[in-house]
Each structure stands twice: as structure tokens, then as C-alpha cells.
Protein chains: 2
Amino acid sequence: MGKEKKYCYEYPRPALTTDCIIFGYDFGELKVLLIERAHEPFRASWAFPGGFVNIDETSEEGAVRELYEETGLQNVFIEQLYTFSDVDRDPRGRVISVVYYALVKQSEYKAVAGDDAAKAKWFSINKLPKLAFDHEMIFDVAIKRLKSKIKYQPIGFELLNEKFTLTELQQLYETILGIDLDKRNFRKKILSMDILIKLDEKQTNVAHKAAWFYKFDKEKYDSSSLFTLLTPK
Amino acid sequence: MGKEKKYCYEYPRPALTTDCIIFGYDFGELKVLLIERAHEPFRASWAFPGGFVNIDETSEEGAVRELYEETGLQNVFIEQLYTFSDVDRDPRGRVISVVYYALVKQSEYKAVAGDDAAKAKWFSINKLPKLAFDHEMIFDVAIKRLKSKIKYQPIGFELLNEKFTLTELQQLYETILGIDLDKRNFRKKILSMDILIKLDEKQTNVAHKAAWFYKFDKEKYDSSSLFTLLTPK
DNA sequence: TTTTATAGTGTAATATTTACACAAAGTTAA
DNA sequence: TTAACTTTGTGTAAATATTACACTATAAAA
């Protein structure tokens with residue numbers, strides 16, 4: 001047994017894979033999770049986690065499964081990014097990849113890939129190693145999407161804790177967009193959107209005035225029509 | 001010969017198809033091009049043009065090729081929409097489809113599907129027949145994308161002639177967005193973007209004051225950073 | 001109790017968006 | 001040839017949104 005080629009078709013078919021760009025945010029830096037490949041091709045290179053899609057699952061189910069298998073992450077924000085189908089993108093033959101991107105909350109950031117054999121590691125997006133396959137192109141598409149998406153959809157919350165301060169939120173926006181925002185204007189704007197709930201709880205153990213915590217009001221957002229554009233300073 | 005199953009793999013593989021939602025604009029109506037299926041499954045149902053992706057072409061190349069084969073269209077605006085991979089979306093088995101959408105200029109609108117055996121027909125998006133496969137879901141994604149994209153990228157020009165009047169452009173936006181726009185404000189805004197070139201040519205044979213023609217200044221657009229949002233009246 | 005660090009707040013100036021109406025220019029019909 | 005019809009093309013004032021900007025409040029640490 002072993003390598004029998006027992007699935008036969010009238011015409012050649014590509015293999016179907018899925019990959020996932022996992023964004024995390026920590027210490028004011030935007031990061032992505034990479035896996036050091038254990039096998040050829042690109043053995044010992046870094047790559048986005050991913051793998052083959054099973055015949056009885058959708059590409060999204062495959063992405064969610066691979067994400068769990070390779071990192072232990074569950075219940076994360078995940079969204080289809082793009083499908084890459086260049087003929088020579090994989091030296092093993094014709095392989096197309098339906099690529100997703102995921103946003104990981106800070107509370108789960110450290111829990112990532114606690115167990116596994118594969119080496120998983122967070123990299124600051126400014127200090128990425130050389131990547132396997134066409135993953136550099138994939139990354140470019142992903143970061144561009146994240147930057148544009150955060151301007152009109154409140155996905156930033158997916159990268160913070162359940163509770164966050166307005167300063168944390170502002171810093172996240174500043175990091176992703178790569179621009180400075182005015183504190184008063186940022187607060188005015190984000191609060192006027194009416195999608196934040198101010199909690200009855202402050203920071204503790206900080207060597208300065210404690211900030212109030214907020215949480216994202218998903219229900220109010222879902223019922224409102226469209227998030228408006230956050231404009232830079 | 002004929003139906004030999006000579007392409008064999010270690011694991012089962014899905015078939016890869018591509019489909020294309022072709023938008024056209026005529027007489028103030030937004031339309032899509034549908035093909036009446038000649039074969040099972042869904043024989044005699046209407047569907048978006050598409051077909052199997054060859055093993056030596058990208059999904060986009062496949063979409064462009066199918067578009068040409070089924071409609072005669074060439075050199076149209078085309079962009080990846082989404083990949084659909086539901087396990088049961090095709091009764092023939094596991095088939096995933098990388099779907100594109102295309103915008104067809106008015107000047108080419110009538111030339112569509114001049115020759116072929118398959119029946120191709122434009123349908124107003126408000127009067128679509130029942131569609132094959134999961135094409136109704138695909139249509140929903142496509143129309144949503146078109147509406148949101150036109151607000152921040154000048155893709156509307158792809159649906160008009162090379163030369164158009166500002167009133168035509170305004171009506172196109174009104175049709176796609178489903179809202180009325182103020183003439184003076186629309187003109188002010190679109191002209192301030194500095195992506196239109198006023199031609200030295202007017203309408204002829206109209207029973208009223210002739211409007212000036214404009215064309216889209218692609219070079220100026222490409223070199224500018226980002227198209228700003230067109231806001232409704 | 002002083003220092004340090006960050007939170008939290010208002011206003012005036014500027015820019016953008018909105019609402020709104022009529023004269024000009026062709027064509028058609030009387 | 002004139003009048004009626006139809007659509008083009010234009011400006012301004014009011015309302016709204018965005019921007020720039022600085023100091024007091026609070027908690028912990030020194």
C-alpha cells in the first residue's frame with residue numbers, strides 16, 4: 001500500500017490547498033504567524049500555515065482545520081482573501097490555493113502553537129524572512145487588504161482583547177495604517193460611531209491615570225448599515 | 001477511447017472551474033449575460049458562462065478564455081470575485097469554481113455572442129430567471145461587490161463607451177447604486193477628481209442642447225493614489 | 001509630597017458636502 | 001420663422017465634518 005494512485009479522472013486536475021495569513025498584534029507591532037517547513041519542497045523555509053483541502057470539506061473548512069492543527073487556534077475571525085493559481089507556483093505540480101486571512105485576539109496570541117512538532121513563530125511584518133512558494137506575493141495581497149479593510153469595517157477589535165482602552169485601539173489603527181492619529185479626533189470619531197460600549201472597569205496597576213475599558217458592540221454594528229471611513233490626521 | 005480515466009492521483013481531487021459574471025449597461029439598465037445550458041446538469045437552465053480550467057492555465061486565463069469562447073468578448077475588465085467550494089454545489093461531484101466578474105463596454109454590448117451555438121442573453125438584474133448551481137448566491141456576491149467597488153474605484157467607465165457625457169456617467173452611478181444623485185454636486189465631485197478629459201466633441205442628433213463628451217484619463221488615475229468616495233445625495 | 005506618565009476633554013478654523021433654480025442651446029412642431 | 005420642448009451646464013450659501021491644538025486629572029513610583 002502507501003502511494004497507490006487510485007483516484008482517476010478523465011482530465012488532469014490540480015491539487016487544492018488552502019493557506020492562512022494569521023495576523024496578530026503585540027507590543028505595538030503587527031505580526032504574522034509562520035511555520036518552518038519540515039518537508040520538501042522549501043524544507044526549512046518559512047511559510048504561511050496551510051495544507052491540502054479534503055474532498056469532503058469546503059476551502060474555508062480546510063483553512064479552519066489547518067489553522068487548528070498547526071496552531072491550536074479556534075474561533076478566530078477568518079475571511080477569504082484570494083485564490084492563487086499560477087501554473088508554476090508549486091514545484092510539486094499544479095496546485096491552486098484558496099487563501100484566507102485570520103485575525104487573532106491578543107488573549108490568544110501567546111497560546112498559539114503550544115504543542116506541535118512544526119515550529120510556529122510570530123514575525124513582525126517588517127522583518128519577515130524569505131518565504132516559500134509564492135507566499136511573498138500572498139503576503140502583499142493580504143497586508144493591502146487588511147489596510148484597506150480596517151478603514152471601513154471594524155475588524156480591528158479582532159486583534160485586541162475583549163476589553164481594550166481607546167489608546168490601545170488608536171495604537172492598533174496607527175500601526176496598521178502606518179500613520180499617526182490625533183487622540184482627540186480619533187476618540188470623537190470612534191465614539192460617534194456608536195459601536196463601543198464603555199465598561200464599568202478601569203485599568204489597574206498602571207503608573208498613571210487608569211484608562212476606562214471598552215468593548216465592541218457587535219450587535220449594534222451588525223444592525224447599522226455601514227461603517228464610515230476613518231481618515232488620517 | 002473517449003472516456004478513459006487516465007489521470008490518477010494518490011488522493012481525490014476536486015475539478016476546477018471558473019465562472020464569470022458579465023455586467024453590461026444599456027438603456028439605463030444594469031444587465032448580466034447568461035447562457036442557456038445545453039447539457040445536463042441543469043440543462044435548459046440559465047447560468048453564468050464558465051467551464052473547466054485547463055491544467056496549463058491560471059483560473060484567470062481560463063475565465064478569459066471561456067469568456068471569449070462563449071461570448072466572443074475580448075479585452076474586457078475582469079477581476080477575481082470569490083472562490084466557491086461548497087461540497088454539494090455541483091451534482092456531478094466535487095467542483096470548485098474561481099469566479100470572476102467582467103464589465104463590458106456599451107460599444108461591445110451588442111456584439112456579444114454573435115455566433116455561437118449556446119444561447120446567450122442579457123438579463124436585467126431585476127428580472128433574472130432561476131439560475132443553475134449556486135449561481136444565485138454567486139450573483140448576490142457579485143452585485144454587492146460591484147456596488148461597493150464603484151464607490152471608491154473608477155470602474156464605471158468600463159461599462160460606458162470610450163466617450164461619454166457626464167449625464168450618462170451620472171445615470172450609470174444612479175443605476176448601480178440605486179440612488180439619485182444631484183447633477184451639480186455629481187459634476188463638481190467627478191471633475192474635481194481630475195480623472196476625466198473633456199473632448200473637443202459634442203453629442204449630435206439630439207433634440208436638445210448637445211452635451212460635451214469626456215473620456216477617462218487612465219494614466220492620470222493610475223498615477224494618483226486613491227479614488228475618493230462618491231457620496232449619495 | 002513631588003515627579004512621572006498617561007487619560008481625558010473642547011473649540012475655533014478649515015474643508016467638504018449638501019440643497020437648490022435658471023439661462024443657454026439645440027431640435028421639433030406649429 | 002417662431003414657439004415649444006428638452007436637456008445641458010453652472011454658483012452659492014448653509015450645514016456638516018474634519019482638522020489642529022494644550023492643559024488638567026489621576027495613579028503609581030521615587
Side-chain angles (χ1 to χ4, degrees), chain A residues 27-28 106 150-152 154 160-161 163-175 177-215 224-233, chain B residues 27-28 150-152 160-161 163-175 177-215 224-233:
Chain A
F27 287 104
Q106 285 191 306
I150 202 175
K151 286 183 200 162
Y152 60 90
L160 296 174
N161 289 323
K163 309 171 191 171
F164 50 84
T165 67
L166 293 185
T167 299
E168 286 168 353
L169 185 62
Q170 180 181 343
Q171 284 169 349
L172 172 66
Y173 273 80
E174 290 177 330
T175 301
L177 295 175
I179 53 177
D180 286 338
L181 298 166
D182 178 87
K183 180 159 71 159
R184 275 179 287 195
N185 294 342
F186 179 81
R187 283 162 185 246
K188 210 187 308 177
K189 178 118 194 180
I190 205 91
L191 291 175
S192 75
M193 287 173 180
D194 206 28
I195 52 168
L196 294 187
I197 298 172
K198 185 177 185 174
L199 301 176
D200 196 20
E201 187 183 351
K202 284 181 176 181
Q203 287 179 315
T204 51
N205 293 349
V206 285
H208 53 78
K209 180 173 177 179
W212 289 102
F213 283 118
Y214 287 78
K215 68 172 189 178
S224 77
S225 57
L226 200 66
F227 206 71
T228 55
L229 195 75
L230 260 174
T231 45
K233 181 180 179 182
Chain B
F27 287 104
I150 202 175
K151 287 182 202 161
Y152 61 91
L160 296 175
N161 290 322
K163 307 169 192 173
F164 50 84
T165 68
L166 293 184
T167 299
E168 285 169 352
L169 185 62
Q170 180 180 342
Q171 284 170 348
L172 172 66
Y173 273 80
E174 289 177 331
T175 300
L177 296 174
I179 54 177
D180 286 339
L181 298 166
D182 179 85
K183 181 160 66 159
R184 275 179 288 195
N185 295 340
F186 178 81
R187 282 162 186 247
K188 211 187 308 178
K189 178 119 195 179
I190 206 92
L191 290 175
S192 75
M193 287 170 178
D194 205 29
I195 52 169
L196 294 187
I197 297 172
K198 186 177 185 176
L199 301 177
D200 195 20
E201 186 184 351
K202 285 182 175 181
Q203 286 178 314
T204 51
N205 292 349
V206 286
H208 52 79
K209 179 174 178 178
W212 289 102
F213 283 118
Y214 287 78
K215 69 172 190 179
S224 78
S225 58
L226 199 66
F227 207 69
T228 54
L229 195 74
L230 260 173
T231 45
K233 181 182 178 178

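In what follows, chains carry the letters A, B, and so on, assigned in the order in which the sequence lines appear, proteins first and then strands, with residues in each chain numbered from 1.
- Between A:Phe186 atom CZ and C:dT9 atom C1' the separation is 16 Å, expressed in whole Å.
- When rounded to the nearest whole Å, the span between CZ of B:Arg187 and P of C:dT16 equals 21 Å.
- Annotation: side chain of B:Leu191 is not in contact with side chain of B:Lys198 (no heavy-atom distance under 4.5 Å).
- In this structure, A:Lys202 does not reach the D:dT26 phosphate: none of its side-chain N or O atoms is under 4.0 Å from OP1 or OP2.
- Residue A:Asn205 places no side-chain atom within donor-acceptor reach of the base of D:dA28, judged by atom type and a 3.5 Å distance cut-off alone.
- With distances taken from any side-chain atom of A:Ala211 to the nucleotides D:dG9, D:dT6, C:dG8, the minimum falls on C:dG8.
- Here NZ of A:Lys183 is found 10.0 Å from CD of A:Gln171. Values are rounded to the nearest 0.5 Å.
- One can place NE2 of B:His208 at 10 Å from P of C:dT27, the figure rounded to the nearest angstrom.
- You'll find a donor-acceptor pair under 3.5 Å spanning the side chain of A:Lys188 and the base of D:dT19, going by distance alone.
- Both B:Ala207 and B:Trp212 lie close to DNA chain D; mapped to their nearest nucleotides by heavy-atom distance, the more 5′-ward contact belongs to B:Ala207.
- Between the P atom of C:dG8 and the CD atom of A:Glu168 lies a distance of 11 Å, rounded to the nearest Å.
- In plain terms, the two heavy atoms of A:Thr175 and A:Gly28 that are nearest each other are OG1-O, 3.4 Å.
- For B:Lys183 against D:dG9, a side-chain N or O and a base N or O form a donor-acceptor pair under 3.5 Å.
- Between A:Phe164 and A:Asn161, the shortest heavy-atom contact is CD2-O, 3.5 Å.
- Nearest-nucleotide assignment on DNA chain C puts the 5′-proximal partner with A:Leu166, out of A:Leu166 and B:Arg184.
- Between the CG atom of A:Asn185 and the C1' atom of D:dC21 there is a distance of 9 Å, given to the nearest Å.
- If you take CD1 of A:Ile190 and C1' of D:dT18, they are 15 Å apart, rounded to a whole angstrom.
- Here B:Thr165 lies out of heavy-atom contact (under 4.0 Å) with every strand.
- Residues B:Leu199 and B:Lys215 approach most closely at CD2-CG, 3.9 Å, considering heavy atoms.
- Between the P atom of D:dT8 and the OH atom of B:Tyr214 lies a distance of 12 Å, rounded to the nearest Å.
- If you measure from atom CG of B:Leu181 to atom P of C:dC20, you get 15 Å, rounded to the nearest angstrom.
- No donor-acceptor contact under 3.5 Å links the side chain of A:Lys209 to the base of C:dT4.
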